[in-house]
Amino acid sequence: MRWALVKVCLAVTAMVVIAFAVPLGLVIKEMARDRAFSDAERQAATIGPTLTITTDRGELTRAVLSTEPGGRGRLAVHVPEAGTDGSTLEIGTRRATREDLETVGASGRASIADVPGGSVLLQPTALGSGGIAVVEVFVADHDVSHGVGTAWLVLAGVGIALIVGSVAVADRLGVRMVQPARSLAGAAQDLGEGRLGTRVPEEGPTELRSAAVAFNSMADQVVQLLANERELAADLSHRLRTPLTVLRLNAASLGESAAAEQTRAAVEQLEHEVDTIIRTAREQRPQTQGGQPGAGCDASEVIRERMGFWSALAEDEGRTVRLAGVDRTVRIPVARPELAAALDALLGNVFRHTPEGTAFAVDVHHSGDAVLVLVSDAGPGIPDPDSALARGASGRNGARGGVGSTGLGLDIVRRVAESTGGDLRIGRSVLGGTEVRIWIGLDGPAEPARRGHRVGRRSGRRGPRGGRGRNAEPRRTPGAGPDQRAQS
């Protein structure tokens with residue numbers, strides 16, 4: 001907008017300057033010519049009184065030489081001699097042709113004729129004897145254009161000054177309009193990136209001030225809505241404390257068996273997660289901290305730990321488990337609790353939405369600038385990956401039903417991946433069922449986290465056949481490990 005305004009003002013001012021300066025320059029040139037020949041007429045008139053008194057050569061010569069153009073050789077007098085047949089007495093240097101002189105003498109009217117180096121003014125003057133003498137005044141070209149060049153330079157300078165001044169004014173006006181618009185755009189981007197304290201100065205043109213007022217009002221409402229949601233999340237989480245207390249008491253009475261220890265550990269972990277949710281909501285910070293500076297973990301270690309827990313449950317249900325690619329350290333910019341929660345969400349979906357005895361596998365691949373975590377199973381697959389990735393889709397047609405499903409499992413995984421600049425994709429696995437691929441970037445996010453998601457399929461394979469939604473929590477709540485998070 002700024003440069004467009006400058007260009008428009010430049011074009012308009014240039015056209016105005018040209019429209020006025022060019023005609024004015026031509027008028028100045030014509031005025032200079034008129035001035036030069038007016039001076040020549042005045043100089044020619046100074047010889048008139050002498051010609052009316054005498055036609056003596058000596059007297060006329062002295063009269064011609066006493067004038068300024070005569071002294072410079074620019075004035076001549078042509079007097080017809082009485083009693084002769086067309087002879088003429090010439091005093092001074094003649095430049096005009098005889099034809100021009102005869103024409104002026106015969107007509108009795110002044111004339112201007114072009115000669116080498118300039119022009120001559122031929123002025124007829126009546127003699128005392130009744131004849132017509134012609135006074136010739138030479139006007140050089142530089143006398144005709146004297147002062148024209150300077151006047152044109154002045155006009156050009158004034159025109160350039162007007163153009164520069166108009167461009168400067170247009171630029172200042174453009175800045176006054178563009179700067180508030182840039183501030184508004186920057187504030188909108190900052191607000192979108194989570195800096196909720198961003199506000200816009202209410203300045204600039206009326207329209208932009210109104211937009212700034214509306215933006216600030218919107219930002220205040222967003223902050224208020226988020227505060228209300230945090231309080232609601234904290235309150236709802238706090239209501240879980242009562243049933244958790246009952247579970248703790250019941251778990252204490254189960255004895256000392258391995259199952260009892262596992263149940264008590266699960267209840268303890270659940271209480272820890274509830275406390276974390278409440279603190280996170282109260283502290284007003286994002287729950288997912290994967291891509292922030294200082295956060296990171298060894299993906300291989302976390303995957304081995306979580307697979308150690310889920311393998312015990314898989315053994316109870318007769319599932320074959322395969323784990324590959326975790327034999328070396330793989331550092332990723334994701335906090336340990338976040339990665340554990342993402343894995344638990346995916347593995348919990350496998351247990352919830354595939355029949356008992358269905359095999360599954362977890363593979364980790366390191367590609368230099370990213371880490372791929374593949375969770376695949378031999379189940380029936382997912383008929384609609386787009387719906388499965390939609391936040392809140394519960395997948396209630398699972399093999400074992402979807403009671404209690406919230407549809408947030410895959411959304412948790414997606415947000416963890418996108419916090420590092422990666423993504424989440426669903427395709428067909430080599431086992432015949434579903435493959436969920438988590439792409440975790442090692443260089444951090446290249447742009448603010450996107451709110452959408454991408455769905456992909458393995459090259460050379462068709463989309464999944466049959467199956468059910470996978471955005472649901474596991475049928476059982478695992479209870480081991482301090483990093484365990486609530487599923488789906």
Polar side-chain atom of [X] near backbone of [Y] as donor-acceptor pair, under 3.5 Å:
X      : Y      : value
Arg94  : Ala96  : yes
Ser210 : Thr206 : yes
Glu136 : Val120 : no
Ser300 : Arg328 : yes
Asp298 : Val330 : yes
Ser145 : Val148 : no

State the [atom1]-[atom2] distance between [X] and [Y], to the nearest 0.5 angstrom.
X      : Y      : atom1 : atom2 : value
Ile163 : Ile18  : CD1   : CD1   : 7.0 Å
Ile91  : His78  : CD1   : NE2   : 10.0 Å
Leu10  : Met15  : CG    : CE    : 9.5 Å
Thr420 : Ile438 : OG1   : CD1   : 10.0 Å
Leu75  : Leu121 : CG    : CG    : 9.5 Å
Ile303 : Leu339 : CD1   : CG    : 6.0 Å

Nearest heavy-atom pair of [X] and [Y]: which atoms, and what distance?
X      : Y      : value
Ala417 : Leu424 : CB-N, 4.5 Å
Val416 : Glu338 : CG2-O, 4.0 Å
Ala212 : Pro201 : CB-O, 3.8 Å
Leu127 : Pro80  : CD1-CD, 4.2 Å
Leu442 : His366 : CD1-NE2, 3.6 Å
Asp56  : Gly58  : OD2-N, 3.1 Å

Measuring only between side-chain heavy atoms, which start at C-beta, is [X] closer than 4.5 Å to [Y]?
X      : Y      : result
Val167 : Cys9   : no
His146 : Arg35  : yes
Leu196 : Leu191 : yes
Thr434 : Ser429 : no
Val144 : Phe37  : yes
Thr46  : Ser66  : no
Val362 : Arg306 : no
Leu51  : Val135 : yes

> Run the side-chain contact (heavy atoms from CB on, under 4.5 Å) check on Arg57 and Leu89 step by step: do they pass?
Replying inline: CA-CA 8 Å; Arg57 174 183 288 273; Leu89 175 63; 2.4 Å; yes
>> Is a donor from one side chain sitting under 3.5 angstrom from an acceptor on the other, for Ser166 and Thr13?
In response: yes
>> Would Val302 and Val334 count as a side-chain contact (heavy atoms from CB on, under 4.5 Å) here? Give the steps.
In response: CA-CA 11 Å; Val302 176; Val334 177; over 6 Å; no
>> Salt bridge or not between Arg42 and Glu68? Use side-chain N to carboxylate O under 4.0 Å.
In response: no
> Got a salt bridge between Glu418 and Arg415, using NZ or NE/NH1/NH2 to carboxylate O under 4.0 Å?
Replying inline: no
>> Run the side chain to side chain contact (heavy atoms under 4.5 Å, CB included) test against Leu372 and tell me which residues pass, sequence neighbours left out.
In response: His365, Arg437, Trp439
> Can Glu41 and Val137 be said to form a side-chain contact (heavy atoms from CB on, under 4.5 Å), step by step?
Replying inline: CA-CA 8 Å; Glu41 290 179 359; Val137 181; over 6 Å; no
> For Arg182, does the CZ atom have more than 12 heavy-atom neighbours from other residues, nucleotides or ligands under 6.0 Å away?
Replying inline: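 Atom CZ in Arg182 is not packed in, count stays at 12 or less.
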>> Is it the case that over 12 heavy atoms from other parts of the model lie below 6.0 angstrom from the CE atom of Met31?
In response: no
> Between Leu410 and Leu346, does a side-chain contact (heavy atoms from CB on, under 4.5 Å) hold up when you go through it step by step?
Replying inline: CA-CA 7 Å; Leu410 289 179; Leu346 293 178; 3.4 Å; yes
